A.B. asks: 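Quick one: this structure, given as structure tokens, is what I'll be asking you about.
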Amino acid sequence: MTVDCLHPVQRLGRSIDRIIRPTSLDDALAALDADPTIKPIAGGTDLLLDLHRGGPGEPVTLLDLTAIGELDGITVERGMVRLGALTTHNDVVGHPELPIVALPLAQACLEVGSAQLRNRATIAGNLATASPANDTISALLALDALVTVRSVRGERTIRLDDFVTGFRTTALEPGEIITAIEFPSLDDTTIGIWVKLGNRAAQAISVVHLGIVIDRTSDGIVRDARIAIGSVAARVELLPNAARNLINHTLDDDTIETCAQQAAAAITPLDDVRATASYRRALVPTLVRRALEALRDDAAASRWPGRVPRLTNQERPVRVPAADTSDRAVISITVNGAEQAGPRGASRTLLDWLREELALTGAKEGCAEGECGACTVQLDGDAVMSCLVPAAQAADRSVTTVEGLGTAHQPHTLQQAFIDEFAVQCGFCIPGFIVAGATLIDELADPSVDDIRLGLAGNLCRCTGYYPIMQAVQRASVVPVELEP
């Protein structure tokens with residue numbers, strides 16, 4: 001069998017030889033200045049896939065930014081929102097103010113991957129990857145975001161439209177990292193929305209995604225408008241001519257239709273595996289029209305969930321930064337309550353480390369790209385896809401696998417519920433469902449049907465038996481509710 005016959009996830013990629021963990025931004029920038037080939041990593045959900053799929057090459061060194069407090073945090077003050085570079089998609093979704101003052105971004109974040117992926121993936125990483133399919137870019141372009149980058153040479157602020165320069169290319173120079181993202185918050189005069197079309201209800205890369213922000217007077221006259229569209233060209237683009245059709249008009253049917261048609265005329269859509277160019281061009285007017293109608297009717301937030309299960313530990317422990325790790329060093333992880341040690345923490349994923357070092361085979365590799373949920377474990381209480389976590393990033397932290405939730409003689413409540421509801425089926429995906437479901441129950445004692453559907457959206461069952469699984473989660477919850485037929 002030749003290499004060309006293998007699926008991309010089966011081919012050898014570039015291995016990780018070392019992970020450097022600075023505790024200050026200055027130390028991180030100094031390390032990057034000394035060796036610009038070092039690759040910064042926070043969540044790593046894009047980077048690890050790029051390394052695995054990029055073909056063989058020299059081993060790489062990663063610069064783990066997750067212990068740098070200067071890059072953390074969200075602030076909303078004086079009409080501006082500031083996101084530190086370590087802000088995850090679930091940080092945005094779960095923030096008490098952002099679904100109001102940054103609705104388009106919150107809507108985009110909720111559509112990124114699954115709860116497990118959103119617990120790791122950062123907004124800054126989404127921008128740095130600069131794929132035209134990256135949902136948060138259109139939301140942030142519509143919000144007129146600024147990107148702050150820094151190196152040992154100093155700091156500069158770049159408009160997002162200038163930051164993304166082409167297909168997966170940015171204005172980042174050697175030695176620079178993103179430190180923050182800022183944009184004006186929505187207020188009494190500005191409204192916004194983000195919409196997408198995907199080929200399935202969850203875990204879908206966008207066929208088209210769209211962000212719109214409008215500023216209007218008290219009587220509804222549009223003073224300014226920004227429309228950004230993604231997944232149609234080599235980069236996410238602003239549509240200034242389409243937006244210009246809204247200015248000095250109310251959002252009446254004629255104005256909306258003119259804008260929708262102008263948006264379709266302004267794009268040169270691409271053909272790819274998700275959709276044809278002609279389909280995208282035909283789709284754009286409908287998306288623009290519906291988005292503008294929702295803004296006009298004050299219905300932009302009508303589909304925002306009453307609450308969003310994040311599969312996260314509500315009381316996140318204080319993180320003690322681990323030491324730098326070479327692939328020859330031994331790392332230590334507390335797994336299922338017991339400290340465990342093993343080598344090759346840099347080059348192996350957490351999933352492989354658990355299976356190969358500890359023979360904990362409950363977590364499975366189903367897709368190797370964070371889309372199936374079969375590898376779900378808890379990292380410091382947060383559900384994550386262990387196939388996309390370098391084992392070294394779990395060093396000196398706590399991991400819980402399905403084996404740690406209960407025993408054969410004393411199973412976890414949810415494990416027993418899976419037996420009682422005949423939800424086990426073939427068994428391959430079940431450990432991931434149980435870990436995700438147990439995290440959901442820890443987070444929400446009374447999950448509704450919608451909570452369960454959203455919370456388990458990152459877990460796929462090839463046996464298609466979702467109803468018994470959902471019934472098991474309901475049975476294990478404190479206040480079970482009946483499934484609708």
Side-chain angles (χ1 to χ4, degrees), residues 43 45 88-94 99 105-121 126 133-136 194-207 209 274 303-313 363-364 366-379 382-388 402 414 417-418 421 423 425 428-444 446-474 476-477 481 483-484:
T45 54
T88 68
H89 295 79
N90 259 355
D91 289 336
V92 171
V93 167
L105 179 62
Q107 290 171 322
C109 286
L110 188 57
E111 291 288 342
V112 172
S114 62
Q116 296 98 310
L117 206 69
R118 293 191 292 270
N119 277 332
R120 296 277 300 168
N126 215 225
N134 284 2
D135 295 328
T136 62
W194 183 90
V195 296
K196 72 175 278 186
L197 178 77
N199 288 329
R200 56 181 188 258
Q203 291 269 65
I205 298 175
S206 295
V207 172
H209 57 96
R274 291 187 296 279
R303 295 189 178 183
W304 184 258
R307 59 183 178 184
V308 181
R310 295 184 291 149
L311 305 190
T312 188
N313 178 10
K364 309 290 198 304
C367 66
E369 53 189 25
E371 290 192 359
C372 73
C375 67
T376 301
V377 301
Q378 291 179 351
L379 179 60
D382 294 347
V384 300
M385 304 289 196
S386 59
C387 72
L388 292 180
V402 68
L414 185 56
F418 265 69
E421 294 292 341
Q425 301 168 88
F428 187 90
C429 69
I430 295 304
F433 270 101
I434 289 176
V435 175
T439 313
L440 173 65
I441 293 171
D442 286 344
E443 181 184 358
L444 304 175
D446 58 341
S448 66
V449 173
D450 288 340
D451 292 333
I452 296 171
R453 284 176 176 152
L454 186 54
L456 298 184
N459 294 77
L460 301 182
C461 172
R462 299 304 183 188
C463 300
T464 69
Y466 291 105
Y467 273 92
I469 290 172
M470 293 177 65
Q471 288 164 344
V473 176
Q474 290 177 321
S477 66
V481 293
L483 270 177
E484 296 175 2

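Computed from a predicted model, the values in this text were never measured in an experiment. Each residue takes its place number in the sequence, starting with 1.
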A.B. asks: Between Arg118 (side chain) and Leu110 (backbone), is there a donor-acceptor pair under 3.5 Å?
C.D. replies: yes

A.B. asks: With a 6.0 Å cut-off (strictly less than), is the heavy-atom count around CZ of Arg307, excluding the residue itself, greater than 12?
C.D. replies: yes

A.B. asks: Do Asn459 and Gln116 have side chains that get closer than 4.5 Å, going by heavy atoms?
C.D. replies: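 Side-chain contact under 4.5 Å: yes.
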
A.B. asks: Check the pair Asn313 / Asp382 against side chain to side chain donor-acceptor pair (under 3.5 Å), numbers first and verdict last.
C.D. replies: CA-CA 5 Å; Asn313 178 10; Asp382 294 347; 5.4 Å; no

A.B. asks: Please find the pair of heavy atoms, one from Ala363 and one from Val377, that lie closest to each other, and give the distance.
C.D. replies: CB-CG1, 4.1 Å

A.B. asks: Side-chain contact test, heavy atoms from C-beta onward, threshold under 4.5 Å: evaluate it for Leu105 versus Trp194 and give yes or no.
C.D. replies: no

A.B. asks: Once you round to the nearest 0.5 Å, how far does CZ of Phe433 lie from CG of Leu460?
C.D. replies: 7.0 Å

A.B. asks: As an exercise, state the distance from CD1 of Ile452 to CD of Gln471, rounded to the nearest 0.5 Å.
C.D. replies: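 The CD1 atom of Ile452 sits 10.0 Å away from the CD atom of Gln471.
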
A.B. asks: Within a strict 4.5 Å, meaning less than it, do heavy atoms of the Asp446 and Ser477 side chains meet?
C.D. replies: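 The answer is no, as the side chains (C-beta and beyond) never meet within the 4.5 Å cut-off.
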
A.B. asks: Given side chains that start at C-beta, do those of Gln474 and Val449 come closer than 4.5 Å, heavy atoms only?
C.D. replies: yes

A.B. asks: To the closest 0.5 Å, what do you measure between CE (Met385) and CG (Leu117)?
C.D. replies: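 Between atom CE of Met385 and atom CG of Leu117 there are 6.0 Å.
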
A.B. asks: Determine, stepwise, if the pair Asp91 / Thr88 fulfils side chain to side chain donor-acceptor pair (under 3.5 Å).
C.D. replies: CA-CA 5 Å; Asp91 289 336; Thr88 68; 3.1 Å; yes

A.B. asks: For the pair Phe428 and Arg462, evaluate side chain to side chain contact (heavy atoms under 4.5 Å, CB included) and give the outcome as yes or no after the intermediate values.
C.D. replies: CA-CA 9 Å; Phe428 187 90; Arg462 299 304 183 188; over 6 Å; no

A.B. asks: Quick check: closest heavy atoms across Ala374 and Gly366, and the distance to 0.1 Å?
C.D. replies: CB-N, 4.4 Å

A.B. asks: So, taking the atom named OG in Ser386 and the one named CD in Gln378, what distance separates them when rounded to the nearest 0.5 Å?
C.D. replies: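 Answer for the OG-CD pair, Ser386 versus Gln378, is 12.0 Å.
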
A.B. asks: Would you say the side chain of Gln425 lies within less than 4.5 Å of the side chain of Cys461, judging by non-hydrogen atoms?
C.D. replies: yes

A.B. asks: Could you report the tightest heavy-atom contact between Ala436 and Leu311, atom names first, then the distance?
C.D. replies: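 Closest approach of Ala436 to Leu311, heavy atoms only: O-CD2, 3.7 Å.
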
A.B. asks: Quick check: do Cys375 and Lys364 have side-chain heavy atoms less than 4.5 Å from each other?
C.D. replies: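 No; the side chains remain at least 4.5 Å from each other.
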
A.B. asks: Tell me if a side-chain donor or acceptor on Asp135 pairs with a main-chain N or O of Val112 at a distance below 3.5 Å.
C.D. replies: no

A.B. asks: Determine whether Glu421 and Ile469 satisfy the following criterion, side chain to side chain contact (heavy atoms under 4.5 Å, CB included), listing intermediate values before the conclusion.
C.D. replies: CA-CA 8 Å; Glu421 294 292 341; Ile469 290 172; over 6 Å; no

A.B. asks: Which heavy atom of Ala121 sits nearest to which heavy atom of Thr45, and what is that distance?
C.D. replies: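 For Ala121 versus Thr45, the nearest heavy atoms are CB-OG1, 3.4 Å.
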
A.B. asks: Is there a side-chain contact between Pro305 and Leu454, using heavy atoms and a 4.5 Å cut-off?
C.D. replies: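 Yes; the side chains approach each other to less than 4.5 Å.
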
A.B. asks: Any side-chain heavy atom of Arg453 within less than 4.5 Å of one from Tyr466?
C.D. replies: no

A.B. asks: Measure from the side-chain N and O atoms of Asn134 to the backbone N and O of Asn126, and report whether any donor-acceptor pair falls under 3.5 Å.
C.D. replies: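 Yes, Asn134 side chain to Asn126 backbone: donor-acceptor pair under 3.5 Å.
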
A.B. asks: I'd like to know whether Glu443 forms a side chain to side chain donor-acceptor pair (under 3.5 Å) with Thr312, so could you lay out the CA-CA distance, the side-chain angles of the two residues, the decisive distance to 0.1 Å, and finally the verdict.
C.D. replies: CA-CA 7 Å; Glu443 181 184 358; Thr312 188; over 6 Å; no

A.B. asks: Asn119 side chain to Val384 main-chain N or O, any donor-acceptor pair under 3.5 Å?
C.D. replies: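 Not a single qualifying donor-acceptor pair exists.
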
A.B. asks: Using the side chain to side chain contact (heavy atoms under 4.5 Å, CB included) rule, pick out the option among Leu456, Asp451, Ile434 that qualifies with Val473.
C.D. replies: Leu456

A.B. asks: Can you give me the closest heavy-atom contact between Pro447 and Leu444, atom names plus distance?
C.D. replies: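 Minimum heavy-atom contact is CD-O, 3.1 Å.
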
A.B. asks: Is the side chain of Lys196 donor-acceptor paired with the backbone N or O of Ala204 at a distance under 3.5 Å, no angle test?
C.D. replies: yes

A.B. asks: For Phe418 versus Ala472, what's the shortest heavy-atom pair and its separation?
C.D. replies: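 Reported closest heavy-atom pair: CD1-CB, 3.6 Å.
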
